[in-house]
Amino acid sequence: MLVVYNETHRQHQGAGEFFRGEMVPCYENPRRIDSLAVYLDSQSFAEFTEASRFGQEPIARVHDASYLDFLANAYGRWIEVAGDCDAIPHAWIGRGLHQGGIPTDIHGQLGYYASDAGTPITSGTWKAVQAASDATVTAAQLVRDSDRSVFALTRPPGHHAGKDVYGGYCFLNFAAIGAQSFLDHGAKRVAILDIDFHHGNGTQAIFYDRSDVLFVSIHGDPSDEYPYFLGYSDEFGMGDGEGFNVNLPLAPGADWSTYGRALTQAIDRIADYSPDRLVVSLGVDTFEHDPISRFQLKTEDFTKVGTCLAQLDLPKLIIFEGGYNVEHLGVNVANVLRTCG
Ligand code: SP5
Ligand code: ZN
């Protein structure tokens with residue numbers, strides 16, 4: 001399998017995230033990719049290649065211009081008022097307490113665009129996420145040219161980012177950028193399968209009213225897990241998108257017997273849709289020893305995940321999302337990639 005490696009990921013390195021009333025070291029850190037890259041590099045099935053540059057155009061197909069402008073300048077504006085530390089908001093929009101305007105102050109804008117206090121904007125965030133977009137679009141191009149599956153080995157992750165909102169460690173939605181890039185190059189129907197432990201709320205929201213992208217997600221029940229506010233089983237899509245959004249929430253503690261059934265259901269729905277292209281948001285925070293998640297997949301279960309994915313006989317654009325047990329990331333991801341077709 002081709003692996004597009006984005007070395008610039010390292011530019012995004014947050015000091016801490018706010019959790020349970022205190023700052024804790026960021027779970028989403030460069031060691032994740034370092035460890036994963038070393039492991040994949042030792043596997044003969046993985047062939048590394050570098051990203052080409054595509055610039056802002058594919059990003060602007062998914063995200064709002066004003067949001068991109070904010071992301072590009074947020075850190076510079078923040079250090080003027082806060083000094084040289086990561087930017088984190090302290091005030092948010094409350095339900096019913098907003099008429100739609102965007103404040104001018106950087107603190108107000110952070111609160112406007114952010115969905116949580118766990119996603120610091122650092123000096124290199126904008127560079128890193130642009131490079132991650134390049135890696136994604138390169139991978140999509142390679143899928144088209146080679147008719148083989150390609151893995152975008154990059155971070156930070158993307159599936160919690162909406163068209164004008166960041167959070168959940170995510171700033172740009174790479175699954176959406178990849179899917180849109182397929183559509184812009186002739187695909188008529190793209191399916192996105194999201195198997196990160198957390199619901200891909202950003203991806204869902206971006207495509208909620210569209211039928212050209214089917215979004216299917218298996219994740220921890222949001223009544224009990226981040227991102228809390230989307231990911232319920234009665235969210236089917238709206239307007240033209242009605243029937244093209246499928247959420248399969250599972251209770252905490254799900255192991256392969258439960259998970260495998262949901263995965264079969266997800267794959268059947270995707271096969272029914274008969275997409276031209278398939279994007280996989282691959283999080284391995286479904287692992288039993290993930291430090292922030294609550295499913296119970298074992299290392300050998302990731303081979304079963306890959307074998308199930310192989311039933312969808314299409315080259316896949318696979319994008320790395322979550323997974324925070326740094327030591328086991330490599331073997332878990334490799335077990336999916338080796339078997340997924
Ligand atoms: C892409 C992705 O996986 N984003 C996940 C964002 C989760 N943010 C909330 C983290 C809550 C941290 N919980 C720590 C539990 C430690 N026992
Ligand atoms: Zn996750």
Side-chain angles (χ1 to χ4, degrees), residues 9 12 14-33 36 86 88-89 92 114-121 125 128-129 132 136 152-162 165-178 192-206 215-231 247-250 252-254 259 279-297 302 305 318-326 328-329 332-333 336:
H9 77 83
H12 176 67
E17 59 178 274
F18 199 66
F19 182 67
R20 286 186 187 148
E22 58 179 356
M23 295 301 283
V24 300
C26 286
Y27 288 96
E28 202 295 294
N29 59 60
R31 286 182 295 118
R32 301 172 63 236
I33 295 275
L36 181 46
D86 297 348
I88 298 185
W92 282 269
S115 64
D116 67 25
T119 312
I121 295 179
T125 298
V129 296
T136 303
L153 173 52
T154 186
R155 57 168 285 281
H159 73 151
H160 297 305
V165 58
Y166 73 95
Y169 315 152
C170 306
F171 302 89
L172 298 180
N173 194 310
F174 306 114
I177 290 170
I192 301 176
L193 174 61
D194 188 323
I195 54 173
D196 186 279
F197 170 75
H198 305 94
H199 176 249
N201 52 351
T203 317
Q204 167 171 315
I206 288 167
F215 177 71
V216 182
S217 179
I218 306 169
H219 49 268
D221 184 342
S223 64
D224 214 29
E225 264 301 340
Y226 188 91
Y228 304 117
F229 307 110
L230 275 184
N247 285 326
L248 302 169
L250 302 176
Y259 194 90
V279 176
V280 180
S281 271
L282 175 60
V284 291
D285 40 9
T286 47
F287 181 46
E288 58 177 340
H289 301 305
D290 190 274
I292 70 168
S293 308
R294 294 191 286 167
F295 283 173
Q296 294 293 327
L297 296 196
F302 288 100
V305 170
I318 303 160
I319 296 169
F320 185 47
E321 301 278 4
Y324 306 98
N325 184 316
V326 171
H328 295 91
L329 273 179
N332 291 341
V333 169
V336 177

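Numbers for residues simply follow the sequence, beginning at 1. As the structure lists them, so they are numbered: ligands from 1, and atoms in each ligand from 1.
For E28, the side chain to side chain donor-acceptor pair (under 3.5 Å) criterion is met by R32, R155, not counting sequence neighbours.
Ring geometry for H328 versus H289: interplanar angle of 30 to 60°, hence tilted. Relative orientation of the Y259 and F295 rings is perpendicular, given thresholds of 30° and 60° on the angle between their planes. Classified by interplanar angle (parallel below 30°, tilted 30° to 60°, perpendicular above 60°), the ring pair F171/Y166 is parallel.
V305 has its side chain within reach of L297: a pair of non-hydrogen atoms, C-beta onward, lies under 4.5 Å apart.
H198 contributes ND1 as its N, O or S atom closest to the Zn ion (ligand 2). Restricting D196 to its N, O or S atoms, the one at the least distance from the Zn ion (ligand 2) is OD1. Between the Zn ion (ligand 2) and the N, O or S atoms of D285, the shortest distance is to OD2.
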List ligand 1's nitrogen or oxygen atoms that come under 3.5 Å of a protein nitrogen or oxygen, with the partner atom and distance.
residue	atom	partner	partner atom	Å
ligand 1	3 (O)	H198	ND1	3.1
ligand 1	3 (O)	D285	OD2	3.1
ligand 1	3 (O)	Y324	OH	2.5
ligand 1	4 (N)	H160	NE2	3.3
ligand 1	4 (N)	G168	O	3.0
ligand 1	4 (N)	Y324	OH	3.4

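Taking the ring centroids of F19 and Y27, they lie at or beyond the 6.0 Å cut-off.
Looking at D285 and H198, their side chains do bring a donor and an acceptor atom within 3.5 Å of each other.
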